[in-house]
Amino acid sequence: MALQTFKLLFSFITVFLFTNFCSAQKKKQHTTEVSTIQQKQEMTFSDFLTRLYETIPHIGEYTNSSEEYFRQLLFQVELHSNHKVTGALLIKIFKNSFFSESVPFNEKWNDLKEPNFPDSQKMSNHIQLEHLKNTIRFFIADLRRMGHKTLKNPYRGYGVTSPSGATWYSFNIGSIVSQFISFINDSSANTANTEESKVVVFYWTDISEILLIGKGYE
């Protein structure tokens, strides 16, 4: 009788330990999966710049005008406007805009002034998004104002003042991204947000800053 009791108790303990082991393994697996997802969503500033630069080769495959690219960029921003902003999402938007549908031009965009640089941390997500959209709309309208003659001028890289009063040194997305990266690399005032090893918070207005700095950096 005692032996049977011992066997039953031993079986119970074995099942209990096995069940707990399986539960722990599932929990560990879930934790690993969550950690992997988080790692994919996080990005250092250095990683972001590297991946941003990798979008540039696509301009060799792009046959439309700079204005058309920015209308496609606006379409992609609106398409992803309900998504959480991550570095990976911003890269995706830049990249997909080479092959995207576009937003038709709106004459009201001619009334827009060149946006100021955004103070992203003090802006709500909605205001950030509107700032970005208006930045892109301004780019589209200003490129139209400058016209084909200006955009084909071989000396345009020395600087052009558009009819709106905005200064342009770069006119297509490839050179704008390159000049933005040059600005970051040349800047002697590296902030905490540009530390290579630091995972940074991304905002919609990061695209605004890339465009505004990239077009105006000599």
Would you confirm whether the ring centroid of Y217 sits within less than 6.0 angstrom of the ring centroid of Y169? no
Which donor-acceptor pairs under 3.5 Å do side chains of residues 112-119 form with protein atoms, sequence neighbours excluded?
unit_1 : atom_1 : unit_2 : atom_2 : d
E114   : OE2    : K215   : NZ     : 2.9

Working note: E54 + R51, criterion salt bridge (Lys or Arg N to Asp or Glu O under 4.0 Å); need CA distance, chi angles, decisive distance, verdict. CA-CA 5 Å; E54 289 171 354; R51 292 183 61 184; 5.3 Å; no
Does the side chain of W168 pick up a donor-acceptor pair with the side chain of D142 at under 3.5 Å? yes
Do T44 and D47 meet the criterion of a side-chain donor-acceptor pair at a distance under 3.5 Å? yes
Would you tell me whether E107 and N110 have side-chain atoms, one donor and one acceptor, within less than 3.5 Å of each other? yes
In terms of side-chain heavy atoms, does H131 have a donor or acceptor partner in S208 at a distance below 3.5 Å? yes
Going by distance alone, is a donor N or O of one side chain under 3.5 Å from an acceptor N or O of the other, for S164 and S162? yes
Establish, from distance only, whether the side-chain atoms of N172 and S66 form a donor-acceptor pair under 3.5 Å. no
Heavy-atom closest contact (V200 atom, F202 atom, distance): CG2-CZ, 3.3 Å
So, applying ring pair (Phe, Tyr, Trp, His ring centres under 6.0 Å) with Y69, which one of F99, F98, F75 is it? F98
Test item: side-chain donor near acceptor, S97 and Q76, under 3.5 Å: no
Where is the tightest heavy-atom contact between R137 and L74, given as atom of each residue plus distance? CG-CD2, 4.0 Å
Going by side chain to side chain donor-acceptor pair (under 3.5 Å), name the residues that satisfy it together with S178, two or more places apart in sequence or in a different chain. none
